[in-house]
Amino acid sequence: MADNVTSLFRSTAAHSPSMAALTREGGDGAGPVDFCIPCNPYFPTPAMFEEMAARLRDIVTYYPSSADTITAELCTLLQLPPQAVAMGNGSTELITWIDHLLVRESLAIPVPTFGRWTDQPMETGKRVDMFPLQESSGFALDLAAYAEFIRARGTRVAVVCNPNNPDGGFLHRHALVQFMDAMADLDLIVVDESFLEFADAEAEPSVVQEAMLRPNVIVLRSLGKNFGLHGIRFGYLVANPALAGRVRSMLPKWNLNSFAEHVVFMLRDHGVEYAQSLQQVRRDRLDMASQLSALPGLTVYPSQGNFLFVRLPVGAEGTVVRDRLLTEHRILVRECGNKIGSSSRFLRLVVRPQVDVRRLVSGLEQVLYGTRRGAAVPEPGAATGYSSGTAAVDRLVGATNGAGVLGLAAQAMSAPAPSPVPAASNGSGVPLPAAAAAQTYPQPVAAPAPIPAPAPPHIPTPTPAPLPQPVAAPVPPMAPAAAMPGPTPPGVPARGGLTAAQVRGTNGLTPAPATGWPNAGAWPAAAG
């Protein structure tokens with residue numbers, strides 16, 4: 001691997017260079033071991049790849065069938081009505097259309113999370129209300145506090161990622177259903193389930209069935225991540241037929257390619273192998289978490305995705321660790337300094353087979369501790385004085401109230417007085433940069449307030465953050481925009497729904513016992 005790693009990361013608009021770019025740079029036709037891109041390493045099977053290779057000429061020569069034909073086949077497998085489904089050229093295409101068609105003024109999203117949920121609405125001038133997840137609670141999302149935040153901000157669209165990316169936090173189905181009921185008057189609720197099929201905390205965690213019955217709920221699902229085929233670019237959404245049809249009507253006639261069609265039509269014969277691949281990823285997740293948590297000073301957070309969120313030991317800087325792993329050990333990891341609400345002290349590591357994990361652990365031992373465990377953590381080198389992007393993004397968000405448009409900062413002043421929000425925000429859900437961040441992420445320098453001792457080297461159990469107190473009296477609703485219903489005041493139930501205070505009784509943070517793997521004898525249904 002060439003030494004110009006810094007330029008590779010600087011020259012890409014994404015968080016990391018593509019595998020194709022890294023392979024070209026390596027010069028030997030082989031890329032690094034990939035702990036960055038969250039892909040299922042066990043599917044498709046080698047036999048499936050051989051079948052695709054044999055059909056390669058036909059696949060790339062001819063037009064695919066229409067999206068309707070491919071969608072109908074997928075819906076047969078998932079036992080979903082085609083009129084409630086829209087397939088896209090990757091979930092990011094669907095996020096783009098959701099933003100253009102259905103997000104009219106503002107969107108709320110917990111952070112850190114998948115970057116397109118913050119970046120896409122900001123690029124189109126929407127106000128993005130960011131609800132900071134707290135490291136002190138293991139980055140667990142308190143749905144009750146999130147609901148109060150949405151009411152206080154007057155946000156019109158709410159997004160929940162389950163499991164969340166990058167931390168893998170999980171919410172139980174009953175809690176999400178109550179949240180949807182409480183937010184029934186919003187323009188839209190999106191539940192992004194892109195990584196849900198890797199979860200095993202609940203037998204049937206998906207809310208797709210509930211989404212089809214509600215006029216303002218969309219569930220987003222990924223296929224590339226689950227099937228190990230990011231390069232094909234395909235995903236789908238499930239919603240009320242009227243809502244799904246609105247998105248589907250805007251998609252190009254041939255927005256799905258021939259590879260996507262071929263894979264979807266192969267799946268009917270490979271449901272057993274797919275279920276087995278998910279089972280193996282879950283086993284690997286437990287093993288990988290155990291091995292990483294044994295490294296001194298490294299904190300591993302509980303995850304229901306096919307990745308683990310880890311905090312590096314005090315003194316370690318993520319870009320340095322990332323670059324040394326790549327140049328010295330040919331290992332690619334996701335450094336999370338450019339994720340809003342995160343910092344360069346965090347890495348997201350994709351679950352991989354044990355042979356690769358042993359290589360990762362060995363590389364981390366050498367980079368973090370030298371030749372033996374417990375040695376001093378190396379300080380950032382003098383030649384790595386480039387930013388991972390966090391400070392610049394935080395300045396933009398703080399100056400524009402998360403909208404990317406300066407004029408909206410003044411507009412936000414007319415919103416109702418906010419309910420208490422976690423200390424690491426500025427009242428609008430935007431994480432505070434620089435000095436304020438030290439209250440959230442322990443630093444080696446002493447701070448005025450006592451800093452909790454570093455977590456012991458095991459997987460911590462998250463505890464719910466303190467719940468906000470109920471609002472004593474309803475706040476008068478904001479003046480509604482033209483042809484748009486105004487937000488329901490805090491403490492007042494939505495149409496036929498619940499108040500945020502009532503949601504508190506079941507906030508989804510109490511883990512349920514694992515229920516085992518999917519039925520390997522049939523294709524896993526979308527509901528489970």
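Annotation: side chain to side chain contact (heavy atoms under 4.5 Å, CB included) contacts of Asn226 (sequence neighbours excluded): Glu197, Phe198, Tyr274. For Ala211, the side chain to side chain contact (heavy atoms under 4.5 Å, CB included) partners two or more places apart in sequence, or in a different chain, are Val217, Val219. Take Pro163 and apply the side chain to side chain contact (heavy atoms under 4.5 Å, CB included) test, not counting sequence neighbours, and it matches Phe195, Leu196, Gln304. With sequence neighbours left out, Thr92 forms a side chain to side chain donor-acceptor pair (under 3.5 Å) with Arg233. For Ser258, there are no side chain to side chain donor-acceptor pair (under 3.5 Å) partners at least two apart in sequence or on another chain. For Asp287, the side chain to side chain donor-acceptor pair (under 3.5 Å) criterion is met by Gln291, not counting sequence neighbours. Remark: Arg116 engages Gln120, Glu123 in a side chain to side chain donor-acceptor pair (under 3.5 Å) (not counting sequence neighbours).
Note that the CG atom of Leu229 and the CG atom of Asn40 stand 9.0 Å from one another [nearest 0.5 Å]. The CZ atom of Phe234 lies 10.5 Å from the CG atom of Asn89; values are rounded to the nearest 0.5 Å. Interatomic distance, CD1 of Ile59 versus CG of Asn257, reported as 9.5 Å (0.5 Å rounding). Note that CG of Leu80 is 8.5 Å distant from CZ of Arg221, once rounded to the nearest 0.5 Å. Note that the CG atom of Leu325 and the CG atom of Leu332 stand 9.5 Å from one another [nearest 0.5 Å]. In this structure, Glu335 CD and Cys36 SG are separated by 10.0 Å, a value rounded to the nearest 0.5 Å.
The shortest non-hydrogen separation linking Leu368 to Ala316 is CD2-CB, 3.9 Å. Here the closest heavy-atom approach between residue Pro313 and residue Leu298 is recorded as CD-CD1, 4.0 Å. In plain terms, the two heavy atoms of Gly88 and Asn255 that are nearest each other are CA-ND2, 3.6 Å. For Glu193 against Val207, the heavy-atom pair with the smallest separation is OE2-N, 3.0 Å. Among all heavy-atom pairs drawn from Phe309 and Pro166, the shortest one is CB-O, 3.4 Å. In terms of heavy atoms, Pro64 sits closest to Glu261 at CA-OE1, 3.3 Å.
In this structure the side chain of Pro41 reaches within 4.5 angstrom of the side chain of Pro353, judged on heavy atoms. Using a 4.5 Å heavy-atom threshold, the side chains of Asn164 and Phe139 count as separate. The side-chain heavy atoms of Val321 and Leu312, taken from C-beta on, include a pair separated by under 4.5 Å. Within the 4.5 Å cutoff, no side-chain heavy atoms of Phe227 are placed close to those of Ser277. Val160 has its side chain within reach of Leu176: a pair of non-hydrogen atoms, C-beta onward, lies under 4.5 Å apart. Under the 4.5 Å side-chain criterion, counting only non-hydrogen atoms from C-beta, Leu349 is in contact with Met288. Contact of the Leu360 side chain with the Arg352 side chain is not registered, since no non-hydrogen atoms from C-beta on lie closer than 4.5 Å. For the pair Leu56 and Phe259, the minimum side-chain heavy-atom distance is below 4.5 Å.
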- Item | Step-by-step side-chain contact (heavy atoms from CB on, under 4.5 Å) determination, Arg334 to Val350 | CA-CA 9 Å; Arg334 170 65 161 107; Val350 172; over 6 Å; no
- Let me see the working for Leu326 and Arg322 under side-chain contact (heavy atoms from CB on, under 4.5 Å), right down to the final yes or no. CA-CA 6 Å; Leu326 185 57; Arg322 176 198 69 193; 5.7 Å; no
- Message: Evaluate Leu141 against Asn162 for side-chain contact (heavy atoms from CB on, under 4.5 Å), listing each step before the verdict.
- Response: CA-CA 10 Å; Leu141 173 59; Asn162 190 42; over 6 Å; no
- Message: With side-chain contact (heavy atoms from CB on, under 4.5 Å) as the criterion, how do Arg311 and Glu135 come out once you've worked through the C-alpha distance, each side chain's angles and the decisive distance to 0.1 Å?
- Response: CA-CA 10 Å; Arg311 183 184 66 197; Glu135 180 185 350; 2.3 Å; yes
- Task: Check the pair Phe307 / Phe35 against ring-ring contact (aromatic ring centres under 6.0 Å, His included), numbers first and verdict last.
- Result: CA-CA 9 Å; Phe307 47 81; Phe35 282 90; over 10 Å; no
- Task: Start with the C-alpha gap between Arg348 and Asn165, add the side-chain angles, then the distance that decides, and say whether side-chain hydrogen bond (donor to acceptor under 3.5 Å, both in side chains) holds.
- Result: CA-CA 9 Å; Arg348 186 194 67 195; Asn165 173 12; 2.9 Å; yes
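In this structure, the side chain of His329 does not engage the main chain of Ser362 through any donor-acceptor pair within 3.5 Å. In this structure, the side chain of Trp97 does not engage the main chain of Leu251 through any donor-acceptor pair within 3.5 Å. A donor-acceptor distance shorter than 3.5 angstrom exists from the side chain of Lys339 to the backbone of Thr113, with no hydrogens or angles considered. The backbone N or O of Arg57 sits less than 3.5 Å from a side-chain atom of Thr61, completing a donor-acceptor pair. Judged by distance alone, with hydrogens and angles left aside, the side-chain atoms of Thr299 form no donor-acceptor pair with the main-chain N or O of Val310 at under 3.5 Å. The backbone N or O of Gly169 sits nowhere less than 3.5 Å from a side-chain atom of Tyr301 that would complete a donor-acceptor pair. Panel note: side chain Asp142, backbone Leu133; no donor-acceptor pair is recorded below 3.5 Å. Without hydrogens or angle criteria, Asp129 side chain to Leu107 main chain gives no donor-acceptor distance under 3.5 Å. No donor-acceptor pair under 3.5 Å is formed between the side chain of Tyr236 and the backbone N or O of Thr71. Judged by distance alone, the side chain of Ser342 and the main-chain N or O of Cys336 form a donor-acceptor pair under 3.5 Å.
Looking only at atom types and distance, the side chain of Arg283 has a donor-acceptor partner in the side chain of Gln280 under 3.5 Å away. Between the side chains of Glu317 and Thr319, a donor-acceptor pair is found at a separation under 3.5 Å.
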All N/O donor-acceptor pairs, side-chain side in residues 42-54, below 3.5 Å, sequence neighbours left out:
{"from": "Tyr42", "atom 1": "OH", "to": "Asp284", "atom 2": "OD2", "distance (Å)": "2.3"}
{"from": "Thr45", "atom 1": "OG1", "to": "Met48", "atom 2": "N", "distance (Å)": "3.2"}

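A salt bridge is defined here as a Lys NZ or Arg NE, NH1 or NH2 lying under 4.0 Å from an Asp or Glu carboxylate O, and Asp200 with Arg285 meets this definition.
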